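Everything numeric here is computed off the predicted structure, so don't read it as measured data.
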Number of protein chains: 2
Amino acid sequence: MTRATLRDVAAHAGVSYQTVSNVLNDHPSIRPTTRQRVLDAIRTLDYYPNQAAKALRESRVTTLCCAFYGHSASDISDPYRNLIQSAFVAQSNQSGYDMTTAFLSHGQPQSFQTLKSNFLQQRFAGALVVGSNLTSQEVQMFRDWKMPTVFFDHTVPALDMPSVTADYAQGMVQLVTHLAQQGRRRLALIIPKDDQGSTAAARRESFTQAAEQHGLAHQVVQGDWSYDSGKAAFEALHAGSFAPDAVLAGNDRMAAGALRAAHRLNVDVPGDVTISGFDDFEFALFTAPTLTTVHVPYGEMARKAVELLLTEISPGSSQAVQLSLPTQLIIRESA
Amino acid sequence: MTRATLRDVAAHAGVSYQTVSNVLNDHPSIRPTTRQRVLDAIRTLDYYPNQAAKALRESRVTTLCCAFYGHSASDISDPYRNLIQSAFVAQSNQSGYDMTTAFLSHGQPQSFQTLKSNFLQQRFAGALVVGSNLTSQEVQMFRDWKMPTVFFDHTVPALDMPSVTADYAQGMVQLVTHLAQQGRRRLALIIPKDDQGSTAAARRESFTQAAEQHGLAHQVVQGDWSYDSGKAAFEALHAGSFAPDAVLAGNDRMAAGALRAAHRLNVDVPGDVTISGFDDFEFALFTAPTLTTVHVPYGEMARKAVELLLTEISPGSSQAVQLSLPTQLIIRESA
DNA sequence: ATGAAAGCGCTAACAA
DNA sequence: TTGTTAGCGCTTTCAT
């Protein structure tokens, strides 16, 4: 048995199939009795309009895409990716859109080609690009494709493309001030190094500035956002000569690694050294001591990003909005 | 400027547009020179085939849907949902499929209607249904819709629908045996109560059996999978008369809550009481002490589930396969 | 080896 | 208020 089409419904209701279409699209000027007859036919035949035909005819799709840059598809535990993806899905579903996912990576121009291809094939209407160290050429590509795009966690001031990010500088200043007030004098930040215009850069730069403003000794050591790198970085600091009394991790995952290393090395936290994170993921409550961290409103950011994307997609699109949401220091036990 | 179509390419290459189609679909019997000419035209016009038209004509879509049952879209931190969703996305992308997400809930029959509607509208080709306490009527609905479906983490023996789950009983037996060998005599399990045929039921039942087999005192207390409920349950146990020397949480998230409660109450873990989880999420490494838990191979399960779904979708579909993958006890510090 | 014709299911003019 | 006509971009016979 094959699926019912418009014509089947029309035949069943004894009208022409365009009338059925009119009923479906709430067109005015349809006699209530006809309307009812059509509705009944739809119900008894269990008719559902074919989405592909509709999309073809209207040349519009109700799917969005979130593209993660620099995140491996196979790291299915990445809390950052997972949280953001879920937030996007929740928000776009609420707006009547589906959401698919793609992965971009710097090394693979083909990943960009695939995304472009999927867009031009009309598989999705616009993309949320999540990634903090896209090159400006890469950003430029999106504009060239004329693909509605919102950059997430990556500001691109020069190119004025729509973006949503958080005020990392503010959070970092709050954190450093808090540490200074506690009498901490020697601050070390664990964070990725060689990426510009990224959230890492924002966090790093404001760290340095804030530390200097407070007259504190400071050092930056490298991590790659992972638990293991946080652990390794703390061990390196412990073995090194700088001897920090406050270790700031660039994200919660590295902070968890640092905490573990401290525990292993019998370093008291926060007695001997404070350890703090950045993100405020749920597991910041799971560590012992619980993690002092900077809350980043990812949920809210995702909501805004989807909103921005949808206005960008809609016909009378305005100019590029660049949003930055406030962060907030969350003081728990570790700092 | 509008997007190039098949006819534009044909005009540019000086052939009929069906020839272009043939080139695109690797049809035999096309002269290499013509072929090359067409390929050039495609390249210079930056042509991409319209997906909607293709889907309409071929009546097939390359999108899958994962539907979460009993998981709130707004709990964007849920590690279970997040991990599984990511695993599905990773796997289906690798197979050339997109993946969208939907949410079902027991209270809302409309959520099921929406899913059905989306399927019949040909928005996706098949669904992965994640949820551990669907009623059998609900399961039956999927069969009635004739929608290719694989149930994840929910076995439905009576209805022989395809499913992928893990051998929770085995993991639980390993865990209880391990605890018994350590000399633990009084075991308490924190787990949701009133759901049948679910993973919770599987874990609960094998807990009781295993405890009795080892001649251990045992008790079950209620939790709802959340961090807070784990914390509350541990506090209740501490205040109660059963006085367990081993607390088993039904998942890692509740175990984290129990650990926190133990810490607050100055209960030594694992000295006074062991605490263990179930899942082996990444954050099981973040707790202090690190969490002894039962590893559930969600990544592998997701891979298999997508595989099963794709064979179910493909024309010559065979019968329903019900997979169960082995679990494994991971001994860390907490038990 | 290539071109012509038909039609997937729908919407949006227009005509009746 | 309803029916007629056309066509979205593509694949698939069937002729040539």
Side-chain angles (χ1 to χ4, degrees), chain A residues 1-42 45-62 117-125 315, chain B residues 1-42 45-62 117-125 315:
Chain A
M1 165 213 133
T2 177
R3 202 160 290 171
T5 77
L6 258 189
R7 319 178 113 87
D8 299 331
V9 175
H12 192 94
V15 297
S16 82
Y17 68 92
Q18 295 76 1
T19 301
V20 179
S21 169
N22 287 339
V23 170
L24 253 47
N25 295 287
D26 277 331
H27 255 265
S29 69
I30 286 191
R31 197 183 305 164
T33 109
T34 316
R35 183 185 168 70
Q36 193 50 53
R37 210 143 34 94
V38 170
L39 254 31
D40 289 346
I42 287 176
L45 293 181
D46 203 29
Y47 164 79
Y48 290 88
N50 179 311
Q51 192 53 34
K54 197 167 181 154
L56 172 59
R57 183 57 231 237
E58 299 183 316
S59 57
R60 70 182 282 270
V61 281
T62 57
S117 164
N118 282 336
F119 171 62
L120 291 177
Q121 289 178 13
Q122 321 227 33
R123 283 182 132 98
F124 61 84
Chain B
M1 164 214 133
T2 178
R3 202 159 293 170
T5 77
L6 215 49
R7 319 179 112 86
D8 299 331
V9 175
H12 192 92
V15 297
S16 82
Y17 68 91
Q18 296 79 356
T19 302
V20 179
S21 170
N22 286 338
V23 170
L24 252 47
N25 294 288
D26 277 330
H27 254 268
S29 69
I30 286 190
R31 198 181 305 161
T33 107
T34 315
R35 184 186 169 69
Q36 193 51 53
R37 209 142 35 94
V38 169
L39 254 31
D40 288 346
I42 288 178
L45 293 181
D46 203 28
Y47 164 79
Y48 289 88
N50 179 312
Q51 192 54 33
K54 198 166 183 158
L56 172 58
R57 181 60 229 238
E58 300 184 316
S59 58
R60 70 183 283 268
V61 282
T62 57
S117 164
N118 282 334
F119 170 63
L120 291 176
Q121 288 178 15
Q122 322 226 34
R123 284 183 132 98
F124 61 83

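If you measure from atom CG of A:Asn50 to atom P of C:dG7, you get 18 Å, rounded to the nearest angstrom. Between the CZ atom of A:Arg60 and the P atom of C:dG9 there is a distance of 21 Å, rounded to whole Å. If you take CG of A:Asp26 and P of C:dT11, they are 12 Å apart, rounded to a whole angstrom. Put simply, NZ on B:Lys54 is 19 Å from P on D:dC8, counting in whole angstrom units. Rounded to whole angstrom, the span from the CD atom of B:Gln51 across to the P atom of C:dG9 amounts to 17 Å. Here C:dA12 presents its P atom at 12 Å from CG of A:Leu24, a figure rounded to the nearest Å. Distance A:Gln121 CD to D:dC10 C1': 13 Å, rounded to the nearest Å.
In DNA chain D, runs of at least 3 stacked Watson-Crick or G-U pairs (N1-N3 plus N6-O4 or O6-N4, or N1-O2 plus O6-N3, all under 3.5 Å) give these stems: C:1-14 with D:3-16.
Contact check, B:Tyr47 against D:dC10: a side-chain N or O comes under 4.0 Å of OP1 or OP2.
Take A:Gln51 and apply the side chain to side chain donor-acceptor pair (under 3.5 Å) test, not counting sequence neighbours, and it matches B:Arg123. In terms of the side-chain contact (heavy atoms from CB on, under 4.5 Å) criterion, residue partners of A:Asp46 (sequence neighbours excluded) are, by chain and number, A:Tyr48, B:Lys116, B:Leu120. Shown here are the side-chain contact (heavy atoms from CB on, under 4.5 Å) partners of A:Arg57, two or more places apart in sequence or in another chain: there are none. Listed by chain and number, the residues in a side chain to side chain donor-acceptor pair (under 3.5 Å) with A:Ser16 are A:Gln18, A:Thr19 (sequence neighbours excluded). Considering only residues two or more places apart in sequence or on other chains, A:Arg7 meets the side chain to side chain donor-acceptor pair (under 3.5 Å) condition with A:Tyr17.
Nearest nucleotide to the side chain of A:Arg57, out of D:dT2, C:dA6, D:dC8: D:dC8. Taking only side-chain atoms of A:Glu58, from C-beta outward, the nucleotide of C:dT11, D:dT11, D:dC8 with the closest atom is C:dT11. The side chain of B:Leu56 lies closest to D:dG9 when the candidates are C:dT2, D:dG9, D:dC10.
Between B:Leu24 and B:Leu6 there is a side-chain heavy-atom pair separated by less than 4.5 Å. For the pair B:Val20/B:Val15, a side-chain contact is recorded, criterion being any heavy-atom separation below 4.5 Å from C-beta on.
In terms of position along DNA chain C, the nucleotide closest to B:Ile30 lies nearer the 5' end than the nucleotide closest to the other residue of the pair B:Gln122 and B:Ile30.
Between the NZ atom of B:Lys54 and the CZ atom of B:Arg60 there is a distance of 8.5 Å, given to the nearest 0.5 Å. For the atom pair CG of B:Leu45 and CG of B:Asp8, the computed distance is 6.5 Å after rounding to the nearest 0.5 Å.
Looking at every heavy atom in both residues, A:Tyr47 comes nearest to A:Thr5 through CE1-C, 3.5 Å. A:Leu56 approaches B:Ala53 most closely through the heavy-atom pair CD1-CB, 3.8 Å.
Residue pairs meeting the side chain to side chain donor-acceptor pair (under 3.5 Å) criterion with at least one partner in residues 30-39 of chain A, sequence neighbours excluded, are A:Gln36-A:Asp40.
Contacts between residues 33-41 of chain B and DNA chain C, defined by a heavy-atom separation under 4.0 Å, are made by B:Thr34.
At the heavy-atom level, A:Ser21 lies under 4.0 Å from base atoms of the strands shown. Contact annotation for A:Leu6: base contact, defined as any heavy-atom pair under 4.0 Å involving a base atom.
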Please list, for nucleotides 3-5 of chain D, all pairs of protein and nucleotide N/O atoms separated by less than 3.5 Å.
{"residue": "D:dG3", "atom": "OP2", "partner": "A:Ser16", "partner atom": "N", "Å": "2.9"}
{"residue": "D:dG3", "atom": "OP2", "partner": "A:Ser16", "partner atom": "OG", "Å": "3.2"}
{"residue": "D:dG3", "atom": "OP2", "partner": "A:Thr19", "partner atom": "OG1", "Å": "2.8"}
{"residue": "D:dT5", "atom": "O4", "partner": "A:Gln18", "partner atom": "NE2", "Å": "3.2"}

